[in-house]
Amino acid sequence: MGLRLHNTLARRTEDFHPVVAGRVGIYGCGPTAYGPAHIGNFRTFVFYDLVHRYLEWKGYQVRFVMNLTDVDDKTIRAARDEGVSLGHYTQPWVDRILEEADVLGIRRFDLYPRATNYIEEMVQIVQRLLDRDLAYTTEDGSVFFDISAFPTYGRLSGRDLEKARQGERVSADEYGKEDVRDFALWKGTKPEDEKVGAAWDAPWGRGRPGWHLECSAMALAEVGETLDLHLGGEDLIFPHHEDEIAQSEGATGRTFARYWLHVKHLRVEGKKMSKSLGNFITVGDLLEEGVSPAAIRHQLLSAQYRSELNFTRAGLEASSRAVRRLVAFGERIREHPVAADAPPTSLLDLADQATEAFNRAMDDDLNSAAGMAALFIFVKRANAVLDATEALDPGERERAVRVLESLDQVLGLLELSERSHVVDASLREWVEERIRARAGARERKDWGAADRIRDELAERGIVLEDGEGGTRWKREEGVG
RNA sequence: GGCGCCGUGGCCAAGUGGUAAGGCAGAGGACUGCAAAUCCUCUAUCCCCGGUUCGAAUCCGGGCGGCGCCUCCA
């Protein structure tokens with residue numbers, strides 16, 4: 001089976017073939033470190049994680065680089081307002097973004113380059129563009145890319161350049177471009193830049209890089225001249241990625257990225273969300289409300305990345321229940337009795353079907369919704385098998401467990417919920433003592449005493465489950 | 001105004017020419033001292049109208065409705 005991806009550049013779904021068979025180089029546009037990332041950002045980053053995990057699951061050797069933008073208009077302004085250097089301002093946000101990514105089970109990528117560490121590379125790109133007459137300098141020391149010298153400009157976003165020119169509102173032309181459509185590669189230094197340390201020397205003048213240039217420099221330096229995959233949110237198609245292509249290909253003469261994947265923006269409770277509107281919720285907010293990370297992750301994966309996804313509390317509740325079902329199945333099958341002489345069941349077939357269906361769904365442009373459905377079909381049917389089976393053949397049980405784990409290598413749901421089940425030892429001891437006391441009461445058929453203990457535990461958020469092998473307990477989960 | 005997306009059961013969401021995956025909720029059942037938890041079973045003809053086709057949720061045309069990008073933004 002082969003992976004197919006919807007390539008924004010081609011406007012259709014294509015077979016995926018990396019430049020070098022078996023190896024994939026990926027660059028994902030990361031966040032700007034000027035504030036907390038919101039849940040919409042994390043739809044994109046969880047998608048990156050899905051791409052990362054799935055390609056590795058398929059056996060590719062993956063190099064995945066996601067940048068952290070730490071110098072741009074917003075970070076400079078914020079650092080100036082707080083009276084600190086750029087690095088002082090951005091570092092805490094970088095830390096928090098990575099922490100929250102960890103919470104959601106986003107596996108660490110290979111590298112998180114920061115723009116300020118690649119100034120030299122950026123200067124080189126600009127120099128090459130100047131040498132090739134694809135860019136020009138202005139009086140204040142800025143450098144602009146000359147769009148008229150790059151015929152395929154507009155191909156990614158599919159826009160008509162002439163119309164764009166006419167429709168464009170001519171904004172305050174601070175840096176003196178020749179054409180409103182030209183974009184800044186380098187911005188001549190201003191006093192506020194100097195104040196926060198956001199100014200570097202370059203042959204044509206002191207200044208700082210344009211936002212688009214940062215990504216090109218980091219991608220070319222850390223992934224290579226031709227990326228297999230370039231990922232980003234849909235808002236980046238124009239102008240960010242369009243400009244990345246122009247400056248990268250202008251500098252190298254090579255195809256910059258073969259496949260461009262763009263994640264549709266998330267909505268929250270039916271409304272558009274964006275940093276500028278200020279209506280964003282963060283992972284931290286959700287955790288404080290008691291929402292489980294696995295529920296968040298589940299909801300973010302519940303729709304295919306190119307379709308609309310409305311992030312809601314009701315949806316989180318549903319996701320939480322769904323994850324619980326998965327976890328319960330995992331526990332159940334691991335504990336199901338085995339016997340060497342157990343008769344064969346359909347479990348092996350079900351396991352094969354699950355893997356096959358999952359693979360097919362994910363190969364079809366990373367359809368995580370269909371992929372998760374494949375897993376849940378397995379859970380449902382395997383549960384029915386367990387209902388009807390006293391004991392399993394050890395090999396069958398082993399196989400079923402392995403398939404569950406295998407699919408979770410990509411989805412990362414069980415992995416996450418297991419991680420959050422860690423409880424401190426003293427609590428554990430106390431709970432277990434209470435459970436023993438209750439067991440004694442139950443043996444005496446003193447139901448009143450037994451129920452009082454259960455209530456006592458419930459007050460501390462501990463839920464009991466009486467089963468065949470004794471009483472199990474767990475912490476009550478909050479919403480989601 | 002330009003470009004583009006979407007409209008599937010109470011909610012979320014797959015399926016894109018061969019007769020509706022999955023999750024949540026709901027109902028029924030199993031289990032239980034009672035519970036909780038868990039498991040099983042059941043519940044749709046796909047916004048409307050017209051067309052193409054042996055056959056359409058799936059293709060075409062027209063409506064109605066929702067949304068995104070075009071500006072810093074994942």
Side-chain angles (χ1 to χ4, degrees), chain A residues 8 11 28-32 34-35 37-48 66 69 72-74 77 157-160 163-164 166-169 171 211 231-240 262-267 270-277 280 298-299 302-312 314-329 331-332 357 361 364 367-384 386-388 442 445-448 450-451 454-455 458 463-468 471-474 476:
Chain A
T8 305
R11 281 179 175 56
C29 279
T32 299
Y34 78 102
H38 57 59
I39 193 64
N41 292 303
F42 281 108
R43 178 189 195 184
T44 298
F45 305 146
V46 166
F47 171 68
Y48 290 4
M66 181 177 98
T69 297
D72 77 326
D73 294 348
K74 291 184 292 289
R77 201 177 312 133
S157 52
R159 61 187 57 223
D160 184 311
K163 280 185 183 161
Q166 288 157 13
E168 190 155 343
R169 305 179 286 276
S171 55
W211 173 44
L231 317 177
E234 61 173 342
D235 55 295
L236 299 183
I237 297 172
F238 184 87
H240 187 55
H262 291 99
V263 183
K264 184 124 179 150
H265 272 193
L266 182 74
R267 294 200 294 151
K271 287 195 214 141
K272 177 192 166 172
M273 125 178 275
S274 75
K275 286 183 180 176
S276 62
L277 293 180
F280 62 87
H298 177 96
Q299 194 174 27
S302 68
Q304 198 256 5
Y305 75 96
R306 285 192 296 124
S307 44
E308 200 168 88
L309 189 143
N310 185 11
F311 194 86
T312 64
L316 278 173
E317 183 60 44
S319 286
S320 172
R321 306 283 308 195
V323 170
R324 217 175 294 175
R325 178 169 165 78
L326 220 47
V327 171
F329 173 71
E331 287 172 357
R332 184 180 186 200
D364 181 17
N367 192 338
S368 52
M372 288 202 289
L375 176 56
F376 278 98
I377 290 170
F378 176 64
V379 169
K380 180 197 277 271
R381 296 192 180 153
N383 265 322
L386 297 185
D387 278 353
R442 295 181 74 208
K445 297 201 188 300
D446 183 353
W447 308 126
D451 288 349
R454 185 163 67 194
D455 292 343
V463 182
L464 299 186
E465 297 170 9
D466 295 332
E468 282 171 40
T471 298
R472 290 160 51 140
W473 63 279
K474 65 176 186 182
E476 188 175 29

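Within every chain, numbering begins at 1; the chains are lettered A, B, ... in the order of the sequence lines, protein sequences first and strands thereafter.
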query: Any side-chain N or O of A/Lys264 less than 4.0 Å from the OP1 or OP2 oxygen of B/G4?
result: no
message: Applying a 4.0 Å non-hydrogen cut-off, can you work out what A/Gly232 is touching in the nucleic acid: base, sugar-phosphate, or nothing?
response: sugar-phosphate
- request: With the side chain of A/Glu308 defined as its heavy atoms from C-beta on, choose the nearest nucleotide among B/C67, B/G33, B/A14.
  value: B/C67
message: Mind checking if A/Gly28 touches a base, just sugar-phosphate, or nothing, with heavy atoms under 4.0 Å?
response: nothing
query: For B/A74, does either OP1 or OP2 sit under 4.0 Å from a side-chain N or O belonging to A/Thr32?
result: yes
task: Return the value, rounded to whole Å, for the distance between atom NE2 of A/His240 and atom C1' of B/A74.
output: 10 Å
query: Is B/G4 paired to anything, Watson-Crick or G-U wobble with both distances less than 3.5 Å, and if yes, which nucleotide?
result: B/C67
message: OP1 or OP2 of B/C11 versus the side-chain N and O atoms of A/Asn310: is any pair under 4.0 Å?
response: no
message: Would you say A/Trp473 places a side-chain N or O within less than 4.0 Å of OP1 or OP2 belonging to B/A36?
response: no
task: Check side chain to side chain donor-acceptor pair (under 3.5 Å) between A/Thr69 and all other residues, then give those that pass, not counting sequence neighbours.
output: A/Asn67
Whichever of A/Phe42 and A/Phe329 has its nearest RNA chain B nucleotide further upstream toward 5': A/Phe329
query: Quick one: which of B/C69, B/A74, B/C39 gets closest to the side chain of A/Asn41?
result: B/A74
- prompt: What interatomic distance, in whole Å, is found between C1' of B/U58 and the corresponding atom of B/U19?
  reply: 11 Å
- prompt: Looking only at heavy atoms, what is the nearest atom pair of A/His298 and A/Ser319, with distance?
  reply: CD2-OG, 2.8 Å
- request: Provide the Watson-Crick or G-U wobble partner of B/A37, both distances under 3.5 Å; none if there is no partner.
  value: none
query: Is A/Lys264 salt-bridged to A/Glu308, going by a charged N under 4.0 Å from an acidic O?
result: no
- prompt: Of all the choices, B/C70, B/A74, B/A14, which nucleotide is nearest to the side chain of A/Phe238 once you look at every atom?
  reply: B/C70
- prompt: In Watson-Crick or G-U wobble terms, both distances under 3.5 Å, what is the partner of B/C42?
  reply: B/G26
message: Under 4.0 Å, heavy atoms only, any strand: does A/Ile237 hit a base, just the sugar-phosphate, or nothing?
response: nothing
message: Just to verify, what does A/Thr8 make a side chain to side chain donor-acceptor pair (under 3.5 Å) with, not counting sequence neighbours?
response: A/His262
message: Please pick, from B/C40, B/A14, B/U38, the nucleotide with the shortest atom-to-atom distance to any side-chain atom of A/Asp387.
response: B/C40
- prompt: Which nucleotide, B/C40, B/G33, B/A35, lies nearest any side-chain atom of A/Ala450?
  reply: B/G33
Partner nucleotide of B/C59 by Watson-Crick or wobble geometry (both distances under 3.5 Å): B/G51
- request: Assign A/Asp364 to base, sugar-phosphate, or nothing according to its heavy-atom contacts below 4.0 angstrom with the strands shown.
  value: sugar-phosphate
Whole-Å C1' distance, B/G66 and B/C48: 15 Å
- prompt: Whole-Å distance between B/U71 C1' and A/Glu234 CD?
  reply: 15 Å
task: List for me each residue that meets side chain to side chain donor-acceptor pair (under 3.5 Å) alongside A/His240, sequence neighbours excluded, and say none if there are none.
output: A/His212, A/Glu244
- prompt: Expressed in angstrom and rounded to an integer, what is the separation of A/Leu266 atom CG from B/C6 atom P?
  reply: 18 Å
message: Measuring from atom CZ of A/Arg324 to atom CZ of A/Arg321, what distance do you get when rounded to the nearest 0.5 angstrom?
response: 5.0 Å
message: Of the options B/A14, B/G33, B/C39, whose atoms approach the side-chain atoms of A/Trp447 most closely?
response: B/G33
- request: Please determine, for the side chain of A/Glu465, which listed nucleotide (B/C40, B/A37, B/A74) has the closest atom?
  value: B/A37
query: Can you tell which of B/A35, B/C40, B/A74 lies closest to the side chain of A/Arg454?
result: B/A35
message: Any base atoms under 4.0 Å from A/Gln304, or only sugar-phosphate, or nothing? Heavy atoms, all strands.
response: sugar-phosphate
- request: Could you check which nucleotide pairs with B/A20 in any of the strands shown, counting Watson-Crick or G-U wobble with both distances under 3.5 Å?
  value: none
Atom pairs under 3.5 Å: protein N/O with N/O of nucleotides 22-25 of chain B:
residue: B/G23; atom: OP1; partner: A/Arg325; partner atom: NH2; Å: 3.3
residue: B/A25; atom: OP1; partner: A/Arg321; partner atom: NE; Å: 3.0
residue: B/A25; atom: OP1; partner: A/Arg321; partner atom: NH2; Å: 3.3

message: What I want to check is whether an N or O donor and acceptor connect the side chain of A/Asp451 with the base of B/G33 at under 3.5 Å.
response: yes
field: Rounded distance [0.5 Å steps], CG in A/Asn367 versus OG in A/Ser307
entry: 7.5 Å
query: What distance do A/Arg267 atom CZ and A/Leu309 atom CG have between them, rounded to the nearest 0.5 Å?
result: 10.0 Å
- prompt: With respect to the phosphate group of B/A14, does any side-chain polar atom (N or O) of A/Ser307 fall under 4.0 Å of OP1 or OP2?
  reply: yes
- prompt: Under the ring pair (Phe, Tyr, Trp, His ring centres under 6.0 Å) test, which residues partner A/Phe311, sequence neighbours left out?
  reply: none
- prompt: How far, in whole Å, is B/C46 from B/G7 if one measures between their C1' atoms?
  reply: 10 Å
- prompt: Taking atom P in both B/U53 and B/G63, what distance in whole Å separates the two?
  reply: 23 Å
- line: Those residues at least two apart in sequence (or on a different chain) that pass side-chain contact (heavy atoms from CB on, under 4.5 Å) with A/Arg442 are A/Arg438, A/Trp447, A/Ala450, A/Asp466, A/Thr471
- request: With the side chain of A/Arg324 defined as its heavy atoms from C-beta on, choose the nearest nucleotide among B/U38, B/G15, B/C39.
  value: B/U38
